[in-house]
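One-based numbering along the sequence shown.
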Amino acid sequence: MRRVNTTRRAAVCDTALTMGVQRISSRAGRPGGSVDRLGPLAREVALPHTPRLLRVRSRLFLTTLGAFLLLAVPLLGLVSQGVYSGIHRSFAERSLRESRLVAVLPPVVAALEGDAAQRAALNPLMNTYRELLGADYVVVTDRTTARLTHPTPSRIGERMAGGDFTAFLRGQSVTETVEGTLGRSVRSKVPVVSGQGRVLGLASVGFLLPRLRDVYRDVLWAALPWYLGALALALGLSLLLARRAQREMLDLEPEQIAGGLLHYRTVMNALEEGVLVVRGGLVYVMNPQARALLGVPAQELPVPLDTLLPGGVPDAGVAVPLDVRGRPLLAGVQDTGDGAQVLTLRDLARVRALADELTQSQRYAELLRAQTHEFTNRLHTLAGLLHLGETREALALIHTQAERHTAHADAVRGLRHVRLAALLLGKFDRASELGVALSVDPLSALPAELPPGTLDLLELAAGNLIENALEAAAGHPDAQVHVLIAADPEGVVVEVRDTGAGVPADLAATLTQRGVSSKGPGRGVGLALVQARADAVGATLTHDRVTDSRGRPWTRFTLDVPAGAGT
């Protein structure tokens, strides 16, 4: 048997996974608009409910307020302590400075040296001086700490209370905070020294602590508006930030985004197809099925598409076969409209297998329809004959049909494979329906054992070639189709001849390509599948025009399957 080498042609099924990209509707113009904005998404995904207090805006507001208070209250305490200490230190320095001024006043020195007139006028003078200084008291004592002056005249002559009364005798000045007769105060004790250098007494200017607290309170009240303004600014910025973040998150809460992402991941991982989302030449989404089909390890995204598919992205809307690392794949591209592309990948071998199964199912359905039609006609004829009482004619019809089916069964018995034999028996009925004489060559025979791949190819080829031959011969005078399926040491051959008009010259070179057919649009699948399966096992499919011994032209399709193919 002659073998003809032909160019391999890969046949594919048009299939692409369409992924819809829907956006959430824009902001509604009334309160509660977020619910309206979530409407389209909520009809597709069950989103978790988020209580109002746990929403982004509330959480960010409360978090900002809590953080501000958590940081501001201790800071306020530190600042207040610093302010209070500064005020206290300022009053202490002021007390020391004013006490030194009082200690060198001539009336004070003269009064302590024994000048009775100066001593009598000293207290009114010190009270006037106290009012000028804004102090709470100015006290002058002798060496025994007996007061010569005091804001309360009845206290004059009494000993000064509280603090250190030895340092001034040594000529040293002391600043202290003590509990005196007027209350707790900060004051300085400065020695009053005569011209000869002898310590005559001490001068003390004091400020009561309540005055310090008043100053401290005034400082806090002055700073409070700034503090509240900073708090209001922080809270306002937090609300603006929350609103901006929520717009960026499509008015979804974090729990809803996480829930939607989990649903998305579940769907992506459950798909049989590999899915890639490509934007700007980079892959941003790749499900596990795509990794398995492409044979790439798990890696962080995005990655350049060129490292996965050397040929780049195919044209949108077209399913094309690709060879990726020696594995045939079917790739389809869908534009999303926002600059991204969804690339779907399928195992081409699986697609072809599914297409073959669909073709076989359609073929069997057509055969069953033809048999049903044939038997229905025979039953109607028998019913009519019996109704007319022509039992002899009825029996003759039954015997004729029985002999016919017996002859058909004998013709395919040598094939020795039930499915292939059943296929040809069905084709006899199909031929009868089309008015074509179908014959099986007596030399048709197959061995009992054939590789599964070879047997599948024989079924696919016989079904498609015989069906095409029947359709080509139908309507012509003396229409005939002749089939030979035989084996020899070199392999198996399937030869189908018909008396039709033959293959048009303009289709002869492309007849086995998908979508090419002389029967019009919507056809051209069967031969493409046969060619693809033949290429997969190393078989060859050819067609030519031959003439029989009577000079009658026939169109012949020949499939040569080498020995061992399909194992």
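Taking all atoms of both residues into account, the shortest heavy-atom contact from Pro328 to Asp347 is O-OD1, 3.7 Å. The two residues Gln172 and Pro191 make their nearest non-hydrogen contact at O-CD, 3.5 Å. Between Val109 and Ser194, the shortest heavy-atom contact is CG1-CA, 4.5 Å. For the pair Leu133 and Glu98, the tightest heavy-atom approach, listed with the atom from each and the gap, is CD2-OE1, 2.8 Å. What you find for Ala103 and Val190 is that their closest heavy atoms are CB-CG1, 3.8 Å. What you find for Gly157 and Ala146 is that their closest heavy atoms are O-CB, 4.0 Å.
You'll find the side chain of Arg94 stays beyond 4.5 Å of the side chain of Arg89, heavy atoms only. Side-chain contact check for Glu113 versus Arg119: every heavy-atom pair is 4.5 Å or farther apart. Side-chain contact between Tyr137 and Thr152: absent, with no pair of heavy atoms (C-beta onward) separated by less than 4.5 Å. Contact of the Arg155 side chain with the Val139 side chain is not registered, since no non-hydrogen atoms from C-beta on lie closer than 4.5 Å. In this structure, Arg187 and Thr175 have side chains that are not in contact, with every pair of non-hydrogen atoms separated by 4.5 Å or more. In this structure, the side chains of Val283 and Pro302 stay at 4.5 Å or more apart for every pair of heavy atoms. Residues Asn287 and Glu273 are not in side-chain contact: their nearest non-hydrogen atoms beyond the backbone lie 4.5 Å or more apart. Side-chain contact check for Glu176 versus Asp164: some heavy-atom pair is nearer than 4.5 Å.
Rounded to the nearest 0.5 angstrom, Leu237 CG and Leu233 CG are separated by 4.5 Å. Taking CG of Leu148 as the reference point, atom OG1 of Thr141 lies at 7.0 Å (rounded to 0.5 Å). With values rounded to the nearest 0.5 angstrom, Gln341 atom CD is found 5.0 Å from Asp335 atom CG. Atom CG of Asp142 is separated from atom CG of Leu202 by 8.5 Å, given to the nearest 0.5 angstrom. Taken from CG in Leu305 to CE in Met286, the straight-line distance is 9.5 Å, to the nearest 0.5 Å. Separation of atoms CG (Leu329) and CG (Leu343) is listed at 9.5 Å; rounding is to 0.5 Å.
Side-chain atoms of Arg159 and Thr145 include a donor-acceptor pair closer than 3.5 Å. Side chains of Glu131 and Asn127: no donor on one and acceptor on the other come within 3.5 Å.
Side-chain N or O atoms of Thr149 include none that pairs as donor or acceptor with a backbone N or O of Leu122 at under 3.5 Å. With Asn123 contributing its side chain and His150 its backbone, the two residues share a donor-acceptor pair below 3.5 Å. Checked by atom type and distance alone, the side chain of Gln289 pairs as donor or acceptor with a backbone atom of Leu271 at under 3.5 Å. The closest donor-acceptor contact from the side chain of Asp115 to the backbone of Ala111 lies at 3.5 Å or more, if one exists at all. Between the side chain of Ser173 and the backbone N or O of Phe168 there is no donor-acceptor pair closer than 3.5 Å. Of the possible polar contacts, one joining the Asp136 side chain to the Leu208 backbone as a donor-acceptor pair under 3.5 Å is found. The closest donor-acceptor contact from the side chain of Ser90 to the backbone of Gly86 lies at 3.5 Å or more, if one exists at all.
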Chi angles and distances behind the side chain to side chain contact (heavy atoms under 4.5 Å, CB included) call for Leu345, Leu294: CA-CA 9 Å; Leu345 303 174; Leu294 296 173; 3.6 Å; yes
Worked verdict on Val108 versus Leu200 for side chain to side chain contact (heavy atoms under 4.5 Å, CB included): CA-CA 10 Å; Val108 173; Leu200 302 176; over 6 Å; no
Passes side chain to side chain contact (heavy atoms under 4.5 Å, CB included), Val275 versus Val342? Steps please. CA-CA 7 Å; Val275 179; Val342 178; 4.0 Å; yes
Please determine whether side chain to side chain contact (heavy atoms under 4.5 Å, CB included) holds for the pair Leu282 and Val303, giving the CA-CA distance in whole Å, both sets of side-chain angles, and the decisive distance to 0.1 Å. CA-CA 5 Å; Leu282 296 177; Val303 296; over 6 Å; no
Under the criterion side chain to side chain donor-acceptor pair (under 3.5 Å), I'd like the reasoning laid out for Ser188 against Ser99: C-alpha separation, chi angles, the key distance, then a yes or no. CA-CA 6 Å; Ser188 295; Ser99 296; 4.6 Å; no
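Residues meeting the salt bridge (Lys or Arg N to Asp or Glu O under 4.0 Å) test with Glu300, sequence neighbours left out: none. The salt bridge (Lys or Arg N to Asp or Glu O under 4.0 Å) check on Arg147 picks up Glu158, with sequence neighbours excluded.
Between Phe91 and Phe207, the ring planes lie perpendicular to each other; the angle is over 60°, past the 30° to 60° tilted range.
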